[in-house]
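Convention: sequence-line order gives letters A, B, ...; per-chain numbering from 1. What you are looking at is a predicted structure, and each value in this text was computed from that prediction instead of being measured.
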Amino acid sequence: MGTSPKVDGCAPIHVFASSKSWIEGNATLQLQQVAGLPGVRAVAAMPDLHPGKYGPVGCAVLSDLIHPQLVGSDIGCGMGLFQLDVAARKLRLDQLAGRLHALDQPWDGDTGNVLADAGLHATMFDASLGSIGGGNHFCEFQAIEEILEPDIAAEVGLDRDHAYVLVHSGSRGLGFSILEREMRNGQAALDPVSESGSAYMDAHDHAVQWARLNRRIIAERAAAAARADLRPVNDLAHNMVERHDAGGHVMALHRKGAAASDRGLVPVPGSRGTLSYLVEPLTAMRTDALASLAHGAGRKYDRASMHGRVRVKKSDVARLERNPYGGIVVCGDRGLLAEEAPEAYKNIERVIDDIVEFGLARVVATFRPLVTFKKAQSSVVAGSTRREKSWKEYRR
DNA sequence: ATGTTC
């Protein structure tokens with residue numbers, strides 16, 4: 001708990017998890033490996049820490065060098081919370097669930113226009129704009145369960161009667177292509193002020209904005225299904241890297257599954273069967289947290305093991321398609337439903353308790369899930385045999 | 001995480 005195991009040649013690691021929070025051994029191992037990477041100065045781990053493909057998820061890493069793998073493939077992935085101008089109690093959940101199936105279809109909006117409005121150039125991945133993607137990504141209608149800090153809630157215009165939409169999505173194929181390109185170049189680490197470092201940052205920053213726009217469009221599509229308008233409460237990426245000038249010395253602050261704690265209230269989702277939280281970061285309290293916060297409950301069991309833990313029979317599917325609050329989970333992919341079952345995740349209350357006890361944040365409001373939408377099984381699109389430029393051939 | 005299988 002708040003340990004700083006100083007291994008020879010390794011950067012200090014601060015773990016903001018109490019002994020009550022389960023941290024998998026492999027995640028701790030990955031954390032130590034990260035602390036030993038070239039240029040790494042400090043590592044902060046959150047209680048939602050769990051093992052990932054290229055390194056642990058749920059941590060911030062301050063380094064002299066940019067490590068694209070520490071950001072991962074879903075550059076700019078994050079959480080957008082939006083308030084709808086409709087009362088939560090007015091939503092017809094079954095009707096809404098039906099309409100949300102439209103999110104499995106490509107967005108039919110004017111991609112060129114929204115990109116231009118956002119100041120973003122076109123890429124070959126723009127057809128994915130407005131799509132949620134797979135894995136843990138979701139779009140969830142929520143209602144306020146409780147407001148614990150009325151003054152702060154009022155500052156951001158929270159109204160306990162309104163419905164909300166929380167979107168967890170990222171940069172789809174775009175971010176993936178950027179990491180893929182870096183790995184093909186064989187450069188494990190980049191000098192932040194070098195040409196290659198700047199080129200990565202340009203592509204990265206573009207993907208971060210693209211992902212933010214993607215969440216906005218997804219929220220608008222969801223709002224349209226509820227025949228409502230929306231306004232953003234806050235939107236924060238949790239997979240990203242930023243350059244920081246520390247008195248002439250440029251450093252890279254990576255966040256992998258960790259939200260920034262220096263730009264407004266942080267939406268912290270639970271699993272799809274629990275409350276989600278909106279917290280106020282108390283950044284000044286702990287500089288060793290690297291201006292970061294937990295980004296959710298964090299996985300407890302890996303995806304593969306969930307297929308053995310959850311039977312995907314009719315009765316189980318029926319159970320997984322409801323949440324304990326009487327809400328609906330829409331997911332046309334039984335396998336994904338099993339992988340993303342609430343029991344695959346850590347206890348969000350434990351995670352929140354930890355960040356509160358370590359003085360990292362306080363809870364402003366809690367939200368209960370009404371309707372959660374997750375991607376349906378990917379169906380192979382017939383007839384698209386036309387040879388387009390391969391995404392691996394793509395250059396900005 | 002990924003136009004997830006070249």
For this session: Please work out if A/G72 contacts a base, only the sugar-phosphate, or nothing of the nucleic acid, heavy-atom cut-off 4.0 Å.
Result: nothing

For this session: With heavy atoms under 4.0 Å as the rule, sort A/G133 into base, sugar-phosphate or nothing.
Result: sugar-phosphate

Exercise. Got A/F16 and A/D354 here, is their nearest side-chain heavy-atom distance under 4.5 Å?
Worked result: no

Problem set entry | Over-ring placement of A/R231 relative to A/F82, 6.0 Å and 45° cut-offs | no

Exercise. Side-chain donor-acceptor pair under 3.5 Å between A/S261 and A/R255, yes or no?
Worked result: no

Exercise. Whole Å only: how far is the CG atom of A/N239 from the P atom of B/dT2?
Worked result: 11 Å

Problem set entry | Residue A/S128, side-chain atoms from C-beta onward, closest of B/dG3, B/dT4, B/dT2 | B/dG3

Exercise. Atom CD1 of A/I132 and atom P of B/dG3: how far apart are they, to the nearest Å?
Worked result: 14 Å

Exercise. B/dT2 C1' sits how many Å from A/K53 NZ, rounded?
Worked result: 8 Å

Problem set entry | Length of the line joining A/F125:CZ and B/dT2:C1', which is rounded to integer Å | 10 Å

Exercise. Rounded to the nearest Å, what distance is computed from the CD1 atom of residue A/I75 to the C1' atom of nucleotide B/dT2?
Worked result: 12 Å

Exercise. Between the side chains of A/W210 and A/D126, is a donor N or O closer than 3.5 angstrom to an acceptor N or O?
Worked result: yes

Problem set entry | Distance, rounded to the nearest Å, where A/E340 contributes CD and B/dT4 contributes P | 19 Å

Problem set entry | Sugar-phosphate only, base, or nothing, as touched by A/G170 at under 4.0 Å among non-hydrogen atoms | nothing

Problem set entry | Between C1' of B/dG3 and CG of A/L174, the distance in whole Å | 13 Å

Exercise. Considering only B/dT2, B/dT4, B/dG3, which nucleotide approaches the side chain of A/M124 most closely?
Worked result: B/dG3

Exercise. Atom CG of A/D333 to atom P of B/dT2: distance rounded to whole Å?
Worked result: 13 Å

Exercise. In terms of heavy-atom contacts, does CD of A/Q95 have more than 12 from other residues, nucleotides or ligands at under 6.0 Å?
Worked result: yes

Exercise. Does A/K375 get its side chain close enough to the base of B/dT4, under 3.5 Å, for a donor-acceptor pair?
Worked result: yes

